[in-house]
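Quick caveat: nothing in here was measured; it's all calculated off a predicted structure.
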Amino acid sequence: MTSIDLSRRRLMAAMAATAGGAALAALPHRAFAQQQLPPLIKLVVGYSAGGPVDGAARLLAPALSQELGTQVIVDNRPGASGSLGGDAVAKAAPDGAMLFFGASPTITINPNVQRKMAFDPMKDLTPIAPLVDYTNVLVINNDVPVRNVAELLAYAKTRPGKVFYGSAGVGASNHLSGALLEKMTGVQLTHVPYKGSAPALADVMGGTVTMMFDIIATSKPFIQTGKVRALAVTSRQRNRMLPDVPTMIESGVPGYDVGGWFGLYGPARMDAALAARINAAAQKMLAREDIAHRLREQGYDVWSGGADLLASKGQSDRRLWATASKGIEAE
């Protein structure tokens, strides 16, 4: 072998080593790039500001921002019982810049009651992390002469269709809570949908509507100040935030057990590593005692886990509400 041949072989080997090293270096760089977060994340809430979903999102957004190391802000896009916000995220780029703070009715009820839902939560969103679960409380205007659920039912039966209950919109969990009460007791109520729970609760206090089922988080301050009267909570057991308020079951409506939850979603086709990074930050956030304490103060329970838990819960609840919402249809 001549010195020229030897030099040529050494040059080719060096070039191959350099190319291989560059390829190996590029792989982890690309994988890391897929996990990069944008400098600003919009946490989309499908309900108006001031309501329970918005309140929970605003409680968690700063903590999630701390855990992710990037800015997280709440972006309210109310309408269609959360579907407008969910649709915006479903159509967004799957880069993490827009996430959906999804309330369970949008994921599990809307597909059963909205004829022209613009997206399918099961196909067009990526489940990322469960966050909290909750129960509702039945509150009533102070001028209505009833003190408990039995008196409310008697009052409603003498005024068929003239007892109005508000909700966050057709198909919202507080709408179906009222519809379920009608089906289980035979009373005839009239549903009044709003673009969020906050304006509905304001009208309960003002007397425009008689009552509503509301998340304890938003109703508790008004219960404590006497601006509305609490009749019953919708869970099977009493809620620790309202220990003196009986359950619907205790109040004479056997089998009445209704709750809900909030979860974090991204657009479909989100990179698995990026979704896993956000999930890890969410679980770390929920493990913080200061966050858990603030959630408990508002009547919520921490609901932490993997994306698979959120996905399976969404699927099972969607099947449950398919039966419960039969005959209810949103425009």
| Any Lys/Arg nitrogen of D301 or R240 sitting under 4.0 Å from an Asp/Glu carboxylate oxygen of the other? |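 Salt bridge flag = yes for R240 with D301.
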| request: Report yes if the side chains of Y300 and P52 come closer than 4.5 Å at any heavy-atom pair, otherwise no. | output: yes
| So, do F164 and T208 sit near enough that their side-chain heavy atoms are less than 4.5 Å apart? |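 When only atoms from C-beta onward are counted, T208 and F164 do not touch, as no gap falls below 4.5 Å.
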With no hydrogens and no angle check, is any side-chain donor or acceptor of [X] less than 3.5 Å from a backbone partner on [Y]?
| X | Y | answer |
| --- | --- | --- |
| S177 | S173 | yes |
| S48 | P78 | no |
| T158 | Y155 | yes |

With a 4.5 Å cut-off on side-chain heavy-atom distances among I, L, V, M, F, W and Y, is there a chain of contacts connecting [X] to [Y]?
| X | Y | answer |
| --- | --- | --- |
| L37 | L40 | no |
| I107 | L176 | no |
| M270 | V72 | yes |

| remark: Quick note, ring-ring contact (aromatic ring centres under 6.0 Å, His included) partners involving residues 183-222, not counting sequence neighbours, are Y165-H191, H175-H191
| message | With ring-ring contact (aromatic ring centres under 6.0 Å, His included) as the rule and sequence neighbours excluded, what pairs involving residues 73-113 come up? | response | F101-F262
Roughly how far, to the nearest 0.5 Å, is the [atom2] atom of [Y] from the [atom1] atom of [X]?
| X | Y | atom1 | atom2 | answer |
| --- | --- | --- | --- | --- |
| L295 | R288 | CG | CZ | 11.0 Å |
| D124 | R269 | CG | CZ | 8.0 Å |
| L242 | I223 | CG | CD1 | 5.0 Å |

